[in-house]
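Residue numbers start at 1 and run along the sequence shown.
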Amino acid sequence: MKTAVFCSFGMNMVSLFQLVWLGINAFLFVHFYMAFLTDRWFYTRVLLGHALSWARAPAAALNFNCMLILLPVCRNLLSLLRGSIQCCSRTAARQLDRNLTFHKLVAYMIAFHTAVHIIAHLFNFEYFMDAQLNRNTSFLPFILSEIGNGDNASFLNPIRTNETNPTIVMFTTIAGLTGVAITLALILIITSSMEVIRRSYFEVFWYTHHLFVIFFIGLVFHGFGRIVRGQTADSLKTNNPKVCADQFEDWGKNGSDCSVPEFAGNPPMTWKWVVGPMILYVCERIVRIYRSHQKVVITKVVMHPSKTLELQMKRKGFHMEVGQYVFIQCPSVSRLEWHPFTLTSAPEEDYFSAHIRIVGDWTQALYEACGGDKNETQEAWKLPKMAIDGPFGTASEDVFRYEVVMLVGAGIGVTPFASILKSVWYKRIQNNQDVFTKKIYFYWLCPETQAFEWFADLLQSLEGQMAERGVTNFLSYNIYLTRWKDAEAAHFRVHHEAENDPITGLKQKTLYGKPNWDNEFTNITSNHPRTKVGVFLCGPPQLGISLQKQCLSHSEADVKFIFNKENF
């Protein structure tokens, strides 16, 4: 019997969604480009040429993307949607966990359309100025520029004289001032979002990202100046551009069928696009503020040797699923910063926990606030107050739907598997009928020995409990050290014959190098014929590609591999 292998990254729906999004962007750009080639904008194009359409088309796409940019960061809204659609489609629910990826894509699109919009308007202002400088009454652009000089109500050219400095116009008009503010805010937000800055100087990323407030305020008011103007509907009846453009010297004279054209700007439209998402985001922030005031009790603090802080906490009404994460705030460290951490506890436990590696200023300050730098035990009343927002993320309950499961974690990617391993074990010893997982293969690839320490405690506990119950075959774990120093290698050789591993303290010895995935898949195939195997990865894309290839290469095997690339 041959069973085809199904390898899925959950990308089909993502690709379809992205194609729809790109399609809407393309449609808006083309539609509004063509919209400004109509008769109403004929005289405006006499001054500006196609630079008019090149400015207005990206503006429409900007409105659309600015409408979307806040939605992926409305975490509570996403949780509501996830809960609503999860019963219908777990795949669709899982795509909502890729919200930050979509947020970045929309941001890149905003940056692109902003650049096109700015460049086009730089040309427009140059053309506006040229029309005023060429003061020739037989030159249509100059005649159009002179319209509205009396009452200044129906002007077409916003540069009113040949002595006007375009720079002054830029900083003395609503469109100019808001445009500069929007551009500066966008540049700071995007540059501070670069991975090297976000990882090394998270506070810079966090605070500059809040310039989005200035960005949206400027965006809403940007169009109120109505600088780009077209011919009014009434004026088109008395001055048909196709007929009257060549008769501009007789406009408004007795016996002429062509009156002096009148112009007006479009009413501001951006606010109609963004007001809905802005209201949703304000509601999101209100919910977060409410949650931040709910009492959180730290029940236990564990200082692991590798400078990893474990916080065990309780909050009334808190309910979690495996694979979810929370945002943590410590007001005594910073009242503005919220940091995401994967939950390492199981839903069956009466507390929730997070393991926090001390790698930056905020985590170091939290470590010290919890007494990590002190030798004596910290008294409970001295522990800092905490605020929790969450939990968020799609629960990885799919793990429980397979008889055989492969869990592959790389580096810090092992964190969500702590929750999964504990939950599967609890369900098994409680004889939960909804879980028929009989075998778990766990692989952990790590570049340094220090990272093993905190997670080894969990594995030792599971190892002991499995031995007590006589089910040692339930979990097979393979820990790989991918990098090591010569001095460490010598120490490992000396203690290799010891009963317990010199690195982890487990009975299962640590392996060195990287797994031979072909051998691993082959062994699982031979050990579990006619079985669906759930493969779950939390790690870098390169590792995911390697595992996907293994799924495809074992397509002739009598096993069906279901691959899940988790975004924890």
How close do [X] and [Y] get, heavy atom to heavy atom, and via which atoms?
{"X": "Glu284", "Y": "Cys74", "result": "OE1-C, 3.5 Å"}
{"X": "Leu71", "Y": "Pro277", "result": "CD2-CB, 4.2 Å"}
{"X": "Ser419", "Y": "Met320", "result": "OG-CE, 3.8 Å"}
{"X": "Thr208", "Y": "Ile189", "result": "O-CG1, 3.4 Å"}
{"X": "Ile289", "Y": "His293", "result": "O-ND1, 2.7 Å"}
{"X": "Ala55", "Y": "Asn124", "result": "CB-ND2, 3.6 Å"}

Report task. Identify, with sequence neighbours excluded, every residue that meets salt bridge (charged side-chain N to carboxylate O under 4.0 Å, His left out) alongside Arg75. Result -> Asp389
Report task. Using salt bridge (charged side-chain N to carboxylate O under 4.0 Å, His left out) as the criterion, list what pairs up with Arg198, not counting sequence neighbours. Result -> none
Query raised in the report: Parallel, tilted or perpendicular for His339 and Phe202, by the 30°/60° rule?
Result: tilted
Query raised in the report: Should the pair Phe128 and Phe125 be assigned to parallel (<30°), tilted (30 to 60°) or perpendicular (>60°) ring geometry?
Result: perpendicular
Report yes or no: does [X] contribute a side-chain atom to a donor-acceptor pair with the main-chain N or O of [Y] at less than 3.5 Å?
{"X": "Glu262", "Y": "Gln231", "result": "no"}
{"X": "Thr191", "Y": "Leu188", "result": "yes"}
{"X": "Asn134", "Y": "Asp130", "result": "no"}
{"X": "Ser235", "Y": "Thr232", "result": "no"}

Query - ring pair (Phe, Tyr, Trp, His ring centres under 6.0 Å) against Phe216, all qualifying residues, sequence neighbours excluded - result: none
**Report entry** Residues in ring pair (Phe, Tyr, Trp, His ring centres under 6.0 Å) contact with Tyr281, at least two apart in sequence or another chain
**Finding:** Phe212
Requested in this report: Can you run down the side chain to side chain donor-acceptor pair (under 3.5 Å) pairs that involve residues 210-228, sequence neighbours left out, and say none if there aren't any?
Outcome: Thr178-His222
Query raised in the report: What residue pairs, at least two apart or across chains, pass side chain to side chain donor-acceptor pair (under 3.5 Å) with a residue in residues 241-256?
Result: none
Any heavy-atom pair between the side chains of [Y] and [X] that's under 4.5 Å?
{"X": "Leu156", "Y": "Tyr43", "answer": "yes"}
{"X": "Leu47", "Y": "Ser145", "answer": "yes"}
{"X": "Met109", "Y": "Leu22", "answer": "yes"}
{"X": "Met278", "Y": "Val220", "answer": "yes"}
{"X": "Asn239", "Y": "Val260", "answer": "no"}
{"X": "Phe215", "Y": "Cys66", "answer": "yes"}
{"X": "Cys330", "Y": "Leu366", "answer": "yes"}
{"X": "Leu186", "Y": "Ile110", "answer": "yes"}

Report summary line: Which of Tyr325, Phe341, Phe318 passes ring-ring contact (aromatic ring centres under 6.0 Å, His included) with Phe352? It is Phe318
Reported [atom1]-to-[atom2] distance for the pair [X] and [Y], which is rounded to 0.5 angstrom:
{"X": "Ile182", "Y": "Leu211", "atom1": "CD1", "atom2": "CG", "answer": "12.5 Å"}
{"X": "Lys295", "Y": "Ile388", "atom1": "NZ", "atom2": "CD1", "answer": "14.5 Å"}
{"X": "Ile356", "Y": "Ile358", "atom1": "CD1", "atom2": "CD1", "answer": "7.0 Å"}
{"X": "Ser79", "Y": "Gln324", "atom1": "OG", "atom2": "CD", "answer": "7.5 Å"}
{"X": "Asn157", "Y": "Met129", "atom1": "CG", "atom2": "CE", "answer": "8.5 Å"}
{"X": "Leu70", "Y": "Leu77", "atom1": "CG", "atom2": "CG", "answer": "11.5 Å"}

Query raised in the report: Is Arg45 close enough and on-axis enough to Phe36, meaning under 6.0 Å and within 45°, for cation-pi?
Result: no
Requested in this report: Dump the intermediate steps for side-chain contact (heavy atoms from CB on, under 4.5 Å) on Phe392 and Val326, then the final yes or no.
Outcome: CA-CA 6 Å; Phe392 302 107; Val326 294; 5.9 Å; no
Report task. Taking the six-membered ring for Trp and the full ring for Phe, Tyr or His, determine whether the centres of Trp21 and Phe102 are under 6.0 Å apart. Result -> yes
**Report entry** Residue pairs, two or more places apart or on separate chains, that pass disulfide (SG to SG under 2.5 Å) and touch residues 176-244
**Finding:** Cys244-Cys258
**Report entry** Selection residues 185-239 - residue pairs positive for disulfide (SG to SG under 2.5 Å), sequence neighbours left out
**Finding:** none
For [X] and [Y], does a side-chain donor sit closer than 3.5 Å to a side-chain acceptor?
{"X": "Asn136", "Y": "Ser138", "value": "yes"}
{"X": "Asp39", "Y": "Asn240", "value": "no"}
{"X": "Arg229", "Y": "Asn266", "value": "no"}

Requested in this report: Report the C-alpha distance between Ser193 and Lys104 in whole Å, list the side-chain angles of each, state the deciding distance to 0.1 Å, and finish with yes or no for side-chain contact (heavy atoms from CB on, under 4.5 Å).
Outcome: CA-CA 9 Å; Ser193 299; Lys104 293 174 186 177; over 6 Å; no
Atom [atom1] of residue position [X] - does it have more than 12 heavy atoms of other residues, nucleotides or ligands inside 6.0 Å?
{"X": "Trp271", "atom1": "CH2", "answer": "no"}
{"X": "Tyr201", "atom1": "OH", "answer": "no"}
{"X": "Tyr108", "atom1": "OH", "answer": "no"}
{"X": "Phe123", "atom1": "CZ", "answer": "no"}
{"X": "Phe32", "atom1": "CZ", "answer": "no"}

Query - Test side-chain hydrogen bond (donor to acceptor under 3.5 Å, both in side chains) applied to Gln329 - qualifying residues, sequence neighbours left out - result: none
Quick one: list whatever passes side-chain contact (heavy atoms from CB on, under 4.5 Å) with [X], sequence neighbours left out.
{"X": "Val116", "value": "Trp54, Pro58, Phe112"}
{"X": "Asp257", "value": "none"}
{"X": "Ala59", "value": "Arg56, His117"}

Query raised in the report: Do Asn76 and Arg288 pass the side-chain hydrogen bond (donor to acceptor under 3.5 Å, both in side chains) test, and can you show the C-alpha distance, the side-chain angles, and the key distance before you say yes or no?
Result: CA-CA 9 Å; Asn76 292 287; Arg288 292 187 196 177; over 6 Å; no
Query raised in the report: Can Phe417 and Phe536 be said to form a ring-ring contact (aromatic ring centres under 6.0 Å, His included), step by step?
Result: CA-CA 9 Å; Phe417 294 136; Phe536 292 81; 7.8 Å; no
